[in-house]
Amino acid sequence: YNWQPLKEYKEILFSYYEGIAKISINRPEVHNAFTPRTVAEMIDAMELARQNPDVGVIILTGEGGKAFCSGGDQSVRGHGGYVGEDTVPRLNVLDLQMQIRRIPKPVIAMVAGWAIGGGHVLHVVCDLTIAAENARFGQTGPKVGSFDGGFGASYLARIVGQKKAREIWYLCDQYNAEEALEMGLVNKVVPLVNLEETTMEWCRKMLAKSPLALRMLKSSFNAELDGQAGIQQLAGDATLLYYLSDEAKEGKNSFMEKRQPDFSKYPKFP
Ligand code: 1HA
């Protein structure tokens with residue numbers, strides 16, 4: 001695939017090919033562990049992918065074939081969070097998780113090798129996950145002195161069930177691709193050599209579908225778990241659709257033309 005770079009970063013790669021944006025963590029020497037900078041770059045790229053009208057689907061992945069992401073870089077973990085070049089401790093990966101759920105385009109995790117700790121949660125919050133046969137999944141929080149009780153716990157439990165989610169967090173075991181597939185944690189398992197090809201095939205299938213329908217489905221799937229914020233997202237999409245109607249336009253036009261609106265011809269559906 002002829003991936004075209006969209007923007008240069010230090011710790012990630014961000015590229016584009018035929019409607020698809022790819023965000024790839026580029027720290028293979030530490031199994032793609034993230035620093036505050038890695039996350040800030042991913043947040044920036046994700047926002048650019050959201051704003052880019054040519055992008056319909058986003059792939060989240062890691063370079064090197066040995067890891068998707070091994071979570072927060074423990075070597076920069078300090079007092080109060082992961083400490084960036086500015087010496088300020090941060091947990092900004094939580095913002096990235098929100099962004100992945102909020103972006104009104106499907107985000108698909110392409111997982112080879114380790115998806116561990118905060119890196120595991122990143123694939124969990126993606127819409128879909130395609131795993132290579134060498135993929136390994138797990139949480140490490142209680143082992144390394146951390147926990148993600150947000151989406152990392154509650155949304156994981158929605159996916160694999162309460163018992164399994166508690167097992168994953170309490171025992172910190174690692175699970176292979178087959179086990180992940182069995183518990184509904186991933187959508188498909190393929191040989192490593194076919195990982196990108198299969199992911200691209202899934203992306204193309206989604207790109208051929210109605211973008212508004214996919215958008216409505218994503219906000220609908222999110223709505224219940226996200227509570228008031230989820231309803232806001234779904235309602236925002238309803239407003240978007242309403243703005244496309246002549247009925248809504250009559251309201252705006254009447255205001256601009258300084259006259260009373262005439263909604264009489266619009267149907268009062270049963
Ligand atoms: O929990 C949170 C958060 C919660 C709330 C809010 C925000 C959060 C943000 C983040 C996180 C977390 O991510 S906590 C969990 C952090 N991650 C981990 O505990 C995983 C650490 N890594 C491992 O357990 C293992 O590396 C591994 C099971 C993934 C792979 O083992 P393997 O194949 O034996 O490789 P290993 O030799 O351990 O790793 C290769 C190199 O990568 C090593 O460096 P080297 O000795 O060659 O110099 C290793 O130190 C480095 N590395 C791997 N993972 C990390 C890492 N370096 C820093 N941070 C890492 N996470």
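As the structure lists them, so they are numbered: ligands from 1, and atoms in each ligand from 1.
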Is [atom] touching the protein, meaning some protein heavy atom lies under 4.0 Å away?
atom	value
atom 41 (C) of ligand 1	yes
atom 24 (O) of ligand 1	no
atom 61 (N) of ligand 1	yes
atom 55 (C) of ligand 1	yes
atom 17 (N) of ligand 1	yes
atom 34 (O) of ligand 1	no
atom 45 (P) of ligand 1	no

Has Arg136 got any heavy atom lying under 4.0 angstrom from an atom of ligand 1?
no

Out of [options], indicate the one that has the non-hydrogen atom closest to [atom].
atom	options	result
atom 12 (C) of ligand 1	Ala33, Gly81, Gly118	Gly118
atom 20 (C) of ligand 1	Ser146, Gly152, Gly150, Ser70	Ser70
atom 13 (O) of ligand 1	Gly72, Cys69, Gly119	Gly72

In terms of hydrophobic clusters joined by side-chain contacts under 4.5 Å, are Phe263 and Leu241 together?
no

Please say yes or no: joined through hydrophobic side-chain contacts below 4.5 Å, possibly via intermediate residues, are Met216 and Leu214 part of one cluster?
no

Have a look at ligand 1 and work out which part of [X], if any, has a heavy atom under 4.0 Å from it: side chain, backbone, both or neither.
X	answer
Phe147	backbone
Leu94	side chain
Lys143	neither

Is [Y] paired with [X] through a side-chain N to carboxylate O contact shorter than 4.0 Å?
X	Y	result
Asp73	Arg27	yes
Lys164	Glu182	no
Glu41	Lys10	no

Please confirm whether Tyr175 and Phe137 have ring centers closer than 6.0 angstrom.
no

Please check if the distance between the ring centroids of Phe68 and His120 is under 6.0 Å.
no

Give me the nearest non-hydrogen protein atom to [atom] as residue plus atom name, then the distance to 0.1 Å.
atom	answer
atom 53 (C) of ligand 1	Val30 O, 3.6 Å
atom 59 (N) of ligand 1	Gln74 N, 2.9 Å
atom 11 (C) of ligand 1	Tyr82 OH, 3.5 Å

Think Arg101 forms a cation-pi with Tyr155, using NZ or CZ under 6.0 Å from the six-ring centre and within 45 degrees of its axis?
yes

By number and element, which atoms of ligand 1 are closer than 4.0 Å to a non-hydrogen atom of [X]?
X	answer
Leu91	6 (C), 7 (C)
Gln174	28 (C)
Gly71	13 (O)
Val93	7 (C), 8 (C), 9 (C)
Asp73	58 (C), 59 (N)
Glu29	41 (C), 42 (O)

Near Glu257 CD, under 6.0 Å, is it more than 12 heavy atoms from other residues, nucleotides or ligands?
yes

Out of Val39, Thr38, Asn32, which one pairs with Glu11 under the side-chain contact (heavy atoms from CB on, under 4.5 Å) rule?
Thr38

Qualifying residue, where the test is side-chain contact (heavy atoms from CB on, under 4.5 Å) with Val124 and the options are Leu156, Asp148, Thr129:
Leu156

May I have the step-by-step check of side-chain hydrogen bond (donor to acceptor under 3.5 Å, both in side chains) for Gln4 and Ser15, ending in yes or no?
CA-CA 5 Å; Gln4 297 295 319; Ser15 49; over 6 Å; no

Under 3.5 Å: N/O of Thr140 near N/O of ligand 1:
yes

Backbone or side-chain N or O of His31 under 3.5 Å from ligand 1 N or O
yes

Ser219 and Asp237: side chain donor to acceptor below 3.5 Å
yes

Mark yes or no for whether Ser70, through its side chain, and His31, through its backbone, hold a donor-acceptor pair below 3.5 Å.
yes

I'd like to know whether Glu47 forms a salt bridge (charged side-chain N to carboxylate O under 4.0 Å, His left out) with Arg102, so could you lay out the CA-CA distance, the side-chain angles of the two residues, the decisive distance to 0.1 Å, and finally the verdict.
CA-CA 11 Å; Glu47 180 60 21; Arg102 276 256 153 178; over 6 Å; no

